[in-house]
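Data block below; observations after.
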Protein chains: 2
Amino acid sequence: MAKRWLTKRERQKLLLDTIENDPFLNDEELADKFDVSIQTIRLDRMELKIPELRERIKAVAEQNYAKVRSIDIEEIVGEIVDLELDKRGISILETTSKMAFGKTKVIRGDIIFAQANSLAIATIDAKVALTGVANIKYKLPVIVGQTLVAKAEVTRIRGNKKFVFVRTYVKQQEVFRAKFILVSLDDEEKHGIL
Amino acid sequence: MAKRWLTKRERQKLLLDTIENDPFLNDEELADKFDVSIQTIRLDRMELKIPELRERIKAVAEQNYAKVRSIDIEEIVGEIVDLELDKRGISILETTSKMAFGKTKVIRGDIIFAQANSLAIATIDAKVALTGVANIKYKLPVIVGQTLVAKAEVTRIRGNKKFVFVRTYVKQQEVFRAKFILVSLDDEEKHGIL
DNA sequence: TTGATATTAGCACCTGCTTCTAAAAGTATA
DNA sequence: TATACTTTTAGAAGCAGGTGCTAATATCAA
């Protein structure tokens, strides 16, 4: 990377970018990259108020450590607060701007679906379940910040098929409903789910 | 925290737990916590093969740094490779183990739904669209590693309601299908979507 | 009391810095 | 061209949070 003819300003701008999308580079590696001395990099960092490698790594780790937990929970999508296997379940999901489309404040449909689907699956007493058929209906748009409360009810069990009805509310108002037919995968590992 | 009468084994077990849910503690803090010397903590870490603070932080940071990026991609859910507005669209999604349930290799239903839903919305020529009603059917389980190809077709347009039919395939085999009724939100900002 | 296990102590060394001082090198201006 | 200014480089001392090593104590069981 021959970046010889960079001015101080150009180099510092690039430095910001570089560290932005790879915070794991130490001063020596940065010095190599820009073909300057370590001291120059240090001066640049000072002027730009970029913290040292270890602080940067720590920041990344801390930022995401809080997130990790919510991502693990995201696997469930929503927190299950009540559950009686094969009977009913309740899941709560706080909506954030991440769950909305780009600039708008409307929560994406697949998020609402995912919560309902996950809850339906959690409510069923089977190691793995797969959604066979679902009938869904979005009744009202959900806005970022609103709390989604999904309530599942197992309505019928026939062999390895279980019927679950999920209704999702925002402050008592029904915003979504879905009817799932879940098929236990234990028996039918391979094909022919339906 | 008076943990005086811990045996070596008990302390080491607790140490693992402690570091597990707070990897940001250094040896001195751990020594205080367990009321032993720093050297003892070091010995414990060696025996348990727990890396030093900086390595732990780095690991946390790196793990999540990768995750953050895949979450950004998740916002799109699938890559749109062909699109004729208000007519049809095709989206491709490579499945990874992240999209599967815990230990199994079966892709979660909400992922497949999200791809289809996102594609349906992208196919519609409106700034914001919201899924009104959808009829969906999962035909075959999808295994981690398989590539999902979703094809959307706009079948009818009536006022601000647009009907989109999405079929998802794995190697020509249909694994999922859904019928969406999408409602443009431009006109009906507030309520009464349906 | 003797051994074995567990714990503590001390020292040299490492990385990736910070802070400081100081010397060059490059550039513009009078 | 000499002067002044900015920019870059260099070197030394110190710090945090360790590793790796040796050696001295404690503790406890037979």
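Quick note on labels: first sequence line is chain A, next is B, and so on, each numbered from 1.
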Show the distances under 3.5 angstrom between N or O atoms of the protein and N or O atoms of nucleotides 12-18 of chain D.
from	atom 1	to	atom 2	distance (Å)
D/dA16	N3	B/R54	NH2	3.0
D/dG17	O4'	B/R54	NH2	2.9
D/dG17	N3	B/R54	NH1	3.2
D/dG18	OP1	B/L53	N	2.9
D/dG18	OP2	B/D27	N	3.0
D/dG18	O5'	B/D27	OD2	3.4

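One interatomic measurement links the two molecules: CG of A/D35 to C1' of D/dT7, which rounds to 15 Å at whole-angstrom precision. Taking atom CE of residue B/M46 and atom C1' of nucleotide D/dC21, one finds them 10 Å apart after rounding to whole Å. Atom C1' of nucleotide C/dT15 and atom CD1 of A/I57 are separated by 12 Å, given to the nearest angstrom. Spacing between atom CG of A/D44 and atom C1' of D/dT7 amounts to 10 Å, rounded to whole angstrom units. Nucleotide D/dT8 holds its C1' atom 11 Å from the CD1 atom of A/I41, rounded to whole Å. Following rounding to the nearest Å, A/L30 (CG) and C/dC17 (P) show an atom-to-atom distance of 8 Å. At whole-Å resolution of the value, NZ in A/K49 and C1' in C/dT18 are 16 Å apart. For the pair A/I38 CD1 and C/dT15 C1', the computed distance is 11 Å after rounding to whole Å.
Between A/V142 and A/V106 the shortest side-chain heavy-atom distance does not fall below 4.5 Å. Side-chain contact check for B/I136 versus A/F113: some heavy-atom pair is nearer than 4.5 Å.
Between B/S37 and C/dT7 there is no side-chain polar atom (N or O) within less than 4.0 angstrom of OP1 or OP2.
A donor and an acceptor atom, one from each side chain of A/S91 and A/Q115, are located under 3.5 Å apart.
Under the side-chain contact (heavy atoms from CB on, under 4.5 Å) criterion, A/R42 pairs with A/D27, A/I38, A/R45, not counting sequence neighbours. Among residues two or more places apart in sequence or in another chain, the side chain to side chain donor-acceptor pair (under 3.5 Å) test is passed with B/T147 by B/E94. Under the side chain to side chain donor-acceptor pair (under 3.5 Å) criterion, B/K13 pairs with no residue, sequence neighbours left out. With sequence neighbours excluded, the residues that form a side chain to side chain donor-acceptor pair (under 3.5 Å) with A/E84 are A/R88.
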Where along nucleotides 24-30 of chain D does protein come under 4.0 Å, by heavy atom, of base (B) or sugar-phosphate alone (S), with - for untouched nucleotides? -------
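Across all strands, B/R9 comes closer than 4.0 Å to no nucleic acid atom at all (heavy-atom distances).
Checking each of A/T123, A/I121, A/N117 against A/L119 for a side chain to side chain contact (heavy atoms under 4.5 Å, CB included) leaves exactly one that passes, namely A/T123.
Note on A/E47 versus A/K8: salt bridge recorded, some NZ/NE/NH1/NH2 to OD/OE distance being below 4.0 Å.
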